[in-house]
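The structure appears right after this line, and notes come after that.
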Protein chains: 2
Amino acid sequence: MKDCTIYKTVDIIGKKWSLCILLELYKGEQKQKRFNELKARLQDVTPKTLSLRLKELEEQGFIRKTIDNSSVPIKCEYSLTESGEEFLDIIQNIKKWGLKWKFGNDECERSNCKLCQL
Amino acid sequence: MKDCTIYKTVDIIGKKWSLCILLELYKGEQKQKRFNELKARLQDVTPKTLSLRLKELEEQGFIRKTIDNSSVPIKCEYSLTESGEEFLDIIQNIKKWGLKWKFGNDECERSNCKLCQL
DNA sequence: TCCAGTAGTTTCTAATTGGATACTATGAAA
DNA sequence: TTTCATAGTATCCAATTAGAAACTACTGGA
């Protein structure tokens with residue numbers, strides 16, 4: 001059972017901030033986002049946790065990190081890979097499900113989600 | 001951010017056996033399944049963990065528990081609710097994603113998943 | 001020289017989660 | 001009376017995960 005695809009995929013993206021990070025990278029015009037930018041948007045995340053999750057997501061191929069050392073200070077930019085973008089369909093369905101069955105639309109209206117474009 | 005629908009839904013179903021339990025309840029002809037039956041099918045789960053997850057899933061409305069005390073010993077049967085069934089679309093998409101991007105089809109062929117009808 | 005902004009890391013602690021193992025209670029059957 | 005099957009609990013411990021707070025290293029600019 002532990003070699004079940006579902007089981008293994010949940011191990012990768014079941015952690016507290018993983019899906020929110022992917023969602024945050026999807027939002028807005030600008031698809032490249034910097035560390036401090038993500039930290040500011042995901043209000044309650046600590047730099048330690050954000051750093052760990054970004055590393056994991058990169059290792060697992062959901063996101064890529066590009067380092068722009070043309071200017072100073074160095075800027076690191078994170079963006080979705082192709083597989084990460086495809087995973088957003090799932091996140092979208094989770095949101096739809098959550099809104100339908102668990103949390104009223106109004107909750108989402110009041111929260112940051114109104115900006116999430118899903 | 002913590003009132004984000006995604007964040008909250010992951011809190012509910014991000015735990016280790018939750019999705020596998022839902023999947024197990026979906027499989028097969030017989031939609032009602034008993035505790036020991038689930039324990040046997042989800043090979044590595046301990047009764048404690050299974051018990052906790054079933055309670056959570058019931059509280060959250062994914063599954064329902066019906067007690068058949070007509071015969072002895074009492075039989076408890078678990079089955080998906082309507083919202084639980086709808087969540088299986090998401091699980092199916094997670095599986096598709098996992099097979100496409102992370103784990104070869106062959107892995108799933110070798111595992112119990114070949115029986116999962118997703 | 002000191003501050004600001006970049007992107008994190010370090011340390012310590014707390015909370016959550018999961019596993020191993022043994023145990024409970026019920027009633028029927030051998 | 002012991003055993004079996006039902007459906008779990010209880011206890012203890014280990015591992016994982018998350019958070020708070022402070023700190024690092026780099027360089028440019030005031």
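Below, chain A is the first sequence line, B the second, and so on; all start at residue 1. The structure displayed is predicted, hence computed values, not measured ones.
- Dashed line: the shortest gap from a side-chain N or O of A:Thr46 to OP1 or OP2 of D:dA20 is not under 4.0 Å.
- The OH atom of B:Tyr26 lies 10.0 Å from the CD1 atom of B:Ile91; values are rounded to the nearest 0.5 Å.
- Between B:Lys65 and D:dG8, a side-chain N or O to OP1/OP2 separation shorter than 4.0 Å is present.
- A:Lys55 has its NZ atom 8 Å from the C1' atom of C:dT9, to the nearest Å.
- Separating the OH atom of B:Tyr7 from the P atom of D:dT17 is a distance of 15 Å, rounded to the nearest angstrom.
- Summarising the geometry, the separation between NZ on A:Lys48 and C1' on D:dA20 is reported as 10 Å, rounded to the nearest angstrom.
- Nucleotide D:dT17 holds its C1' atom 17 Å from the CD1 atom of A:Ile12, rounded to whole Å.
- Regarding contacts with the backbone of D:dT9, a side-chain N or O of B:Ser51 is found under 4.0 angstrom from either OP1 or OP2.
- Between the C1' atom of C:dT9 and the NZ atom of A:Lys39 lies a distance of 13 Å, rounded to the nearest Å.
- Remark: B:Arg41 engages B:Glu24 in a salt bridge, criterion side-chain N to carboxylate O under 4.0 Å.
- Rounded to an integer number of Å, the gap from B:Phe35 CZ to C:dT26 C1' is 16 Å.
- Note on A:Lys100 versus B:Glu86: salt bridge recorded, some NZ/NE/NH1/NH2 to OD/OE distance being below 4.0 Å.
- Residue B:Pro47 has its side chain nearest to C:dT21 when only C:dG8, D:dG19, C:dT21 are considered.
- Taking the six-membered ring for Trp and the full ring otherwise, the centers of B:Phe62 and A:Trp101 sit at least 6.0 Å from each other.
- The separation between A:Asn36 atom CG and C:dG8 atom C1' is 8 Å, rounded to whole Å.
- Taking atom NZ on A:Lys15 and atom P on C:dT16, their separation rounds to 18 Å, with Å as the unit.
- Proximity of A:Lys16 to the phosphate of D:dG19: a side-chain N or O atom is located under 4.0 Å from OP1 or OP2.
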